[in-house]
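Numbers here simply count residues along the sequence, with the first being 1. All values reported here derive from a predicted model rather than from experimental measurement.
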Amino acid sequence: MTAEHLAGTAGITRKTLAAIERGNAASSIGNVFNVASIVGVHLFGVDDPSELIALRRRGEERLALLPAGVHKKRKDDDVGLDF
């Protein structure tokens, strides 16, 4: 596959592809993952994209169990409260 064909398939310019090849930190991570996927690089140790989707869902399910925020308890938080 030529660089021009890869860039076209990824929907990016040849200049953007060259930046990705150089490891330019300003390259969009989405573009990097897209190019990697097109050339057959297995992302996150997963061969099948459906496995990656399942991993993402499991991660989202775990994150949903976490509290929205954590606040430090102040000394006076429970003072004078009788339940």
Query - Residues in side-chain hydrogen bond (donor to acceptor under 3.5 Å, both in side chains) contact with T2, at least two apart in sequence or another chain - result: none
Report task. Identify, with sequence neighbours excluded, every residue that meets side-chain hydrogen bond (donor to acceptor under 3.5 Å, both in side chains) alongside T13. Result -> T16
Query raised in the report: Given side chains that start at C-beta, do those of L6 and I12 come closer than 4.5 Å, heavy atoms only?
Result: no
Query raised in the report: What are the two closest heavy atoms between I38 and T9, and how far apart are they?
Result: CD1-CG2, 3.9 Å
Query raised in the report: Any idea which heavy atoms bring A3 and L17 closest together, and the distance?
Result: O-CD2, 3.3 Å
Query - CZ/R14: more than 12 non-hydrogen atoms of other groups inside 6.0 Å - result: yes
Query raised in the report: Salt bridge or not for R57 and E61, using N-O below 4.0 Å?
Result: no
Query raised in the report: Among the clusters formed by ILVMFWY side chains lying less than 4.5 Å apart, do L55 and L63 turn up in the same one?
Result: no
**Report entry** Same apolar cluster: L43 and V46, side chain cutoff 4.5 Å
**Finding:**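 Yes, one cluster joins them.
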Side-chain atoms of residues 27-35: list all donor-acceptor pairs with protein atoms under 3.5 Å, sequence neighbours left out, distances to 0.1 Å.
from : atom 1 : to  : atom 2 : distance (Å)
S27  : OG     : N24 : O      : 3.1
S28  : OG     : G30 : N      : 3.3
S28  : OG     : N31 : N      : 3.4
N34  : ND2    : A10 : O      : 3.3

Requested in this report: Might you work through the side chain to side chain contact (heavy atoms under 4.5 Å, CB included) test for L52 and F44, ending with a clear yes or no?
Outcome: CA-CA 8 Å; L52 189 56; F44 308 105; 3.6 Å; yes
